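Shown next, in structure tokens, is the structure this report addresses.
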Amino acid sequence: MTGTFEELIASSTPVIIDFSAEWCVPCKKITPILSQLVDELDEEVTIIKIDIDKNPALRKKYNITAVPTLIAFKKGKQKWRHTGMITLVKAKQAIREIL
């Protein structure tokens with residue numbers, strides 16, 4: 001992906017940002033769930049992983065106080081937010097509501 005973060009989240013295709021950290025065990029456990037979500041929703045959603053330790057400005061801007069935190073954006077607006085583990089079913093349900 002190229003472009004700025006703002007250009008990325010301005011897309012009409014929902015973009016889920018997975019705010020995580022390398023030291024975070026639940027972040028590692030959520031990765032396969034997000035991969036399956038991409039497989040099932042294919043072109044309907046984009047998922048990007050952002051390391052909060054490497055991107056402190058975004059961590060501060062979006063008030064990320066715990067990881068994993070998932071935020072879904074559509075057309076530049078935050079449509080959904082979830083902190084902590086999530087099941088595939090709940091993630092799919094949330095994304096379907098903003099498609």
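Here the structure is a predicted model, which means the values were calculated and not measured. For reference, positions follow the sequence shown, starting with 1.
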Let me check something: do [X] and [Y] share a hydrophobic cluster, defined by ILVMFWY side-chain heavy atoms less than 4.5 Å apart, either directly or through other members?
X: V38; Y: I33; answer: yes
X: I50; Y: I16; answer: no
X: M85; Y: W80; answer: yes
X: I30; Y: V89; answer: no
X: F19; Y: I47; answer: no

[atom1]-[atom2] distance between [X] and [Y], expressed to the nearest 0.5 angstrom:
X: Q93; Y: I98; atom1: CD; atom2: CD1; value: 12.5 Å
X: K75; Y: S11; atom1: NZ; atom2: OG; value: 9.5 Å
X: L34; Y: I48; atom1: CG; atom2: CD1; value: 11.5 Å

- Pick out which of I64, L70, L8, T46 makes a side-chain contact (heavy atoms from CB on, under 4.5 Å) with I17.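 Exactly one pass, corresponding to L8.
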
Heavy-atom distance under 4.5 Å between the side chains of [X] and [Y], does that happen here?
X: I95; Y: K92; value: no
X: Q78; Y: I9; value: no
X: T65; Y: N63; value: yes
X: L58; Y: I52; value: no
X: E22; Y: D51; value: yes

- Item | S20 versus V67, closest heavy-atom pair with distance |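 Nearest heavy atoms, S20 then V67: CA-CG1, 3.9 Å.
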
- Item | Exercise: identify the closest heavy-atom pair between P68 and P26 |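 Residues P68 and P26, closest heavy atoms: CD-CB, 3.8 Å.
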
- Give the intermediate values and the outcome of salt bridge (charged side-chain N to carboxylate O under 4.0 Å, His left out) for residues E97 and K79. CA-CA 9 Å; E97 289 177 14; K79 298 290 188 178; over 6 Å; no

More than 12 foreign heavy atoms under 6.0 Å from [atom1] of [X]: is that the case here?
X: K49; atom1: NZ; answer: yes
X: E6; atom1: CD; answer: yes
X: K28; atom1: NZ; answer: yes

- Message: Angle between ring planes, Y62 versus F73, binned at 30° and 60°: parallel, tilted or perpendicular?
- Response: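 Perpendicular: the ring planes of Y62 and F73 meet at over 60°.
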
